[in-house]
Structure formats: C-alpha cells, structure tokens
Amino acid sequence: MSVADDILNDLHGGIAKTLDDLRRELSAVRTGRASLHLLDGVKVDYYGTPTPLNQVATLSVPEARLIMVKPWEKNMIPPIEKAIRDANLGVNPQSDKDLVRVPIPPLTEERRREIVKQVKHKGEDHKVAIRNQRRDAKELIEVAEKDGDISADDAKKALEKMQKETDEGVKKVDEITAAKEKEVMQV
C-alpha cells in the first residue's frame with residue numbers, strides 16, 4: 001500500500017464518521033411523530049447519579065404521537081417527569097401511578113420551518129467538516145510528493161480520487177438532510 005492509499009483511506013474513514021455523526025444528530029431532531037430518539041439526551045436523577053432515561057425505564061411508542069415511559073421503580077416517576085420537562089424538548093409529560101406519557105404535539109408550520117433551518121445548518125456544518133478533511137488530505141499528498149514518497153503522477157491521481165471521495169461525501173450530506181427536511185415538513 002502506498003502513502004497515497006493510506007491518506008485516501010484515512011479520508012474515506014473520516015468522511016464516513018462525519019456522515020454517521022450527522023445521522024446521529026438528525027435522529028434527535030424532533031418531527032411531528034413520536035420517536036424514542038427524542039429522549040436520548042434525557043438524564044434522570046437516579047439516587048443522586050445522572051442516568052440515561054433508558055437505563056431506569058422501558059420506553060415505547062404505542063401511537064404515532066405518544067411515547068410511554070414505564071419506570072422499573074414506581075418512585076422514579078416524579079424524577080423522570082422532571083427530567084423530561086427540564087430537557088426543553090417542547091413536550092409536556094403526564095404521569096399516573098404506573099407510567100409517564102409524553103404526548104407529542106403537532107408542529108406548527110412556523111416551527112417546522114425553524115426545524116428545517118436547523119437541519120440545513122447541521123448539514124452545512126458537516127459539509128465544512130468534510131471539506132476540512134479534504135484540505136488536510138491534500139496537504140499530506142503534496143508533502144508526500146515534495147518529499148519524494150510518491151511520484152507526481154501518483155499524486156495527481158490521488159488528488160483526483162480525493163476530490164471524487166469528497167464530492168460523494170457532500171452529496172450524501174445533501175441526501176441525508178433532504179430526507180430529514182421532507183420528514184419534518186410531512187404533516
């Protein structure tokens with residue numbers, strides 16, 4: 001394996017990580033439908049220790065606009081309700097003796113447009129990350145060529161492959177954000 005191949009493999013891995021990060025971030029973005037990912041960042045005070053919600057309760061989505069949280073210990077209902085409220089998710093949890101219901105209110109048109117702007121912003125941030133990875137790879141290829149580790153022809157081919165890889169990564173970011181925007185705007 002040549003130096004150029006190593007650089008291109010690192011670039012490929014970096015772009016894949018960036019795309020995974022974008023998917024993970026967008027999975028937590030609220031749409032009009034109930035999704036367990038909405039509660040991913042919620043931490044509950046479990047005997048003095050901030051604990052992820054899914055480690056103190058069973059989460060389920062019985063209907064399109066409802067998340068049910070069934071704690072393993074009934075005394076955890078008030079802390080769970082408080083944690084969901086404090087997370088500023090735009091939802092209002094309601095509890096009874098056995099579980100906490102989290103109804104997901106329908107989004108207004110204005111709120112949907114705000115969320116689409118957030119999605120586009122996240123997409124742009126990830127495109128910048130991919131372009132920064134391209135810049136770093138380009139510098140490494142140029143240094144390797146200057147040091148004589150790879151020939152001028154190999155460097156030119158590596159730069160072309162690098163650009164193609166980057167273009168594919170940016171295209172994927174556009175596809176992922178477009179799919180999320182469609183999901184958010186769907187009533």
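Note that this is a predicted model, so its numbers are computed, not measured. Positions are given from 1 along the sequence.
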_Is there a side-chain hydrogen bond (donor to acceptor under 3.5 Å, both in side chains) between Gln55 and Tyr46? Walk through the geometry before answering._
CA-CA 10 Å; Gln55 292 182 13; Tyr46 185 67; over 6 Å; no
*Test log, rule side-chain contact (heavy atoms from CB on, under 4.5 Å), inputs Leu39 and Asn54*: CA-CA 8 Å; Leu39 301 176; Asn54 62 3; over 6 Å; no
_salt bridge (charged side-chain N to carboxylate O under 4.0 Å, His left out) for Glu142 and Lys146? Distances and angles first, verdict last._
CA-CA 6 Å; Glu142 289 170 350; Lys146 193 173 128 191; over 6 Å; no
*Intermediate values then yes/no, salt bridge (charged side-chain N to carboxylate O under 4.0 Å, His left out), Glu81 and Arg85*: CA-CA 6 Å; Glu81 197 175 357; Arg85 243 188 215 101; 3.5 Å; yes
*side-chain contact (heavy atoms from CB on, under 4.5 Å) between Asp167 and Lys164, intermediate numbers included*: CA-CA 5 Å; Asp167 292 343; Lys164 187 177 174 199; 5.6 Å; no
*Walk me through it: do Asp10 and Asp136 pass the test side-chain contact (heavy atoms from CB on, under 4.5 Å)?*
CA-CA 10 Å; Asp10 288 349; Asp136 295 344; over 6 Å; no
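Counting heavy-atom neighbours within 6.0 Å of Glu160 CD, excluding the residue itself, gives a total above 12.
A salt bridge does not link Lys171 with Glu168: none of the charged nitrogens is closer than 4.0 Å to a carboxylate oxygen. Salt-bridge check for Arg113 with Glu109: passed, with a basic side-chain N closer than 4.0 Å to an acidic carboxylate O. At a threshold of 4.0 Å, the pair Asp45-Lys82 does not count as salt-bridged, since none of the basic side-chain nitrogens sits closer than that to a carboxylate oxygen. Glu114 and Lys117 are not joined by a salt bridge, as no carboxylate oxygen comes within less than 4.0 angstrom of a charged side-chain nitrogen.
To the nearest 0.5 angstrom, Ile15 atom CD1 is 11.0 Å from Arg131 atom CZ. Summarising the geometry, atom CG belonging to Asp154 is positioned 6.5 Å from atom OG belonging to Ser2; distances are rounded to the nearest 0.5 Å. In this structure, the separation between OH on Tyr47 and CE on Met76 is 7.0 Å, given to the nearest 0.5 Å. Note that CZ of Arg101 and CD1 of Ile67 are 13.5 Å apart. Values are rounded to the nearest 0.5 Å. In this structure, Thr58 OG1 and Leu53 CG are separated by 10.0 Å, a value rounded to the nearest 0.5 Å. Between the CD1 atom of Ile80 and the CD atom of Glu73 there is a distance of 9.5 Å, given to the nearest 0.5 Å.
What you find for Pro105 and Val91 is that their closest heavy atoms are CD-CG1, 4.2 Å. The minimum heavy-atom distance linking Arg65 with Pro106 is given by the pair NH1-CA, 3.5 Å. Listed here is the closest heavy atom pair of Ala57 and Val69: CB-CG1, 3.6 Å. Taking all atoms of both residues into account, the shortest heavy-atom contact from Ile141 to Ala158 is CD1-CB, 3.7 Å. For the pair Pro71 and Ile77, the tightest heavy-atom approach, listed with the atom from each and the gap, is CG-CG1, 3.5 Å. The nearest pair of heavy atoms linking His126 to Thr18 is CD2-O, 3.3 Å.
Residues Pro50 and Val44 are not in side-chain contact: their nearest non-hydrogen atoms beyond the backbone lie 4.5 Å or more apart. By the 4.5 Å heavy-atom criterion applied to side chains, Asn92 and Ile84 are not counted as neighbours. Annotation: side chain of Leu11 is in contact with side chain of Thr166 (closest heavy-atom distance under 4.5 Å). Proximity of Glu165 to Leu8: side-chain heavy atoms (C-beta onward) are nowhere separated by under 4.5 Å. Within the 4.5 Å cutoff, the side chain of Met68 has heavy atoms near those of the Leu66 side chain. Side chains of Lys74 and Lys97 form no contact here, defined as non-hydrogen atoms less than 4.5 Å apart.
Using modelled atom types, no side-chain atom of Gln94 and backbone atom of Val100 make a donor-acceptor pair closer than 3.5 Å. A side-chain donor-acceptor contact under 3.5 Å links Asp96 to the backbone of Asp98. At distances below 3.5 Å, not a single donor-acceptor pair connects side-chain atoms of Lys70 with backbone N or O atoms of Leu99. At distances below 3.5 Å, at least one donor-acceptor pair connects side-chain atoms of Gln133 with backbone N or O atoms of Gly14.
If you chain together hydrophobic residues whose side chains sit under 4.5 Å apart, Val128 and Ile176 never meet in one group. Tracing side-chain contacts under 4.5 Å through hydrophobic residues (I, L, V, M, F, W, Y), one never reaches Trp72 starting from Leu36; they form parts of separate clusters. Under the 4.5 Å side-chain heavy-atom criterion for ILVMFWY residues, no single connected hydrophobic cluster contains both Val143 and Ile7.
Looking only at atom types and distance, the side chain of His37 has a donor-acceptor partner in the side chain of Asp40 under 3.5 Å away.
Checked options Lys120, Lys127, Lys122; the residue passing with Glu124 is Lys127 (criterion: salt bridge (charged side-chain N to carboxylate O under 4.0 Å, His left out)). Under the side-chain contact (heavy atoms from CB on, under 4.5 Å) test applied with Asp21, the options Arg23, Glu25, Lys17 reduce to a single match, Glu25.
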